[in-house]
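For reference, the structure is listed below as structure tokens.
Just the heavy atoms: all of them, side chains too, but no hydrogens, waters or symmetry mates, feed the values below.
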Amino acid sequence: MRKKNPRIARIDQVKISREGEIAIIEYVDPSFMTVRFKIGPNLAEMTDEAVLLLFNQCTVASMRNRDELAPYVAVEIPPGSPQVLESSETENGWVPRGNVLRCVISDGGGDEFMQPIIYVDDQEFSWEDFGKMLCTYAGWGMRIVFVCEDELEVNPKIVVRESKD
């Protein structure tokens, strides 16, 4: 079962632990997902209450931002410009610049332990690192449209119906 997205919490509703510069916020209610909240070097001096206050402020800001975006318009970075940036703020070091990623899937060589390799522009991502980068959008939904490799910039017509399998 999919866990619920994080929400504003009181100190008695969470357990907070630390891994270096990352606060792990685990809800007492197991139906909510655990959050890895990167704070930085100041985390070592922060109380659990201060960590939770900062997390709650970010949660409120995210909710406000989402509400102010209506109607939502997904930003696609133009071809020729980098779609992802290296960032020391994320666990795997990469973040999407926009809300649309044009990607190419490789089967990783086809060995018995086949794991896909994802290419964004010319940058190669393991399945694990691509997943970590997608965590930038944790709490969002995602639609995947498969197109030919040479038509990544084309938005195909989409028909909603049962598959003819």
Check: Looking at residues at least two apart in the chain, or sitting in another chain, which of them share a side-chain hydrogen bond (donor to acceptor under 3.5 Å, both in side chains) with Asp121?
Finding: Gln83
Notebook entry, point to check: Side chains of Met133 and Phe125: closer than 4.5 Å at any heavy-atom pair?
Noted result: yes
Check: Please, which pairs that meet salt bridge (charged side-chain N to carboxylate O under 4.0 Å, His left out) have at least one residue in residues 21-31, sequence neighbours excluded?
Finding: none
Check: Residues sharing Ile25's hydrophobic cluster, by side-chain heavy-atom contacts under 4.5 Å among ILVMFWY, directly or via others?
Finding: Ile11, Val14, Ile16, Tyr27, Phe32, Val35, Phe37, Ile39, Leu43, Met46, Val51, Leu52, Leu54, Phe55
Check: Can you say whether the rings of Phe130 and Trp127 are parallel (under 30°), tilted (30 to 60°) or perpendicular (over 60°)?
Finding: parallel
Check: From Cys58 SG over to Leu53 CG, what is the distance, rounded to the nearest 0.5 angstrom?
Finding: 9.5 Å
Check: Tell me, do Trp94 and Asp129 make a side-chain contact under 4.5 Å, heavy atoms counted?
Finding: no
Item checked: Residue pairs, two or more places apart or on separate chains, that pass side chain to side chain donor-acceptor pair (under 3.5 Å) and touch residues 149-159 -> none
Checklist line | Connected via hydrophobic side-chain network under 4.5 Å: Leu101 and Val145 | finding: no
Notebook entry, point to check: So if you build clusters from Ile, Leu, Val, Met, Phe, Trp, Tyr with side-chain heavy-atom gaps below 4.5 Å, do Ile105 and Leu134 land together?
Noted result: yes
Check: Restricting to pairs with a member in residues 43-63, which pass side chain to side chain donor-acceptor pair (under 3.5 Å), not counting sequence neighbours?
Finding: Arg18-Asp48
Item checked: Hydrophobic cluster of Met33, others only, ordered by chain and residue number, side-chain cut-off 4.5 Å -> none
Note to self: For the backbone of Pro30 and the side chain of Lys3, can you confirm whether one donor and one acceptor N or O come within less than 3.5 Å of each other?
What the structure shows: yes
Check: Just wondering, do Arg97 and Pro82 contact through their side chains at under 4.5 Å, heavy atoms?
Finding: yes
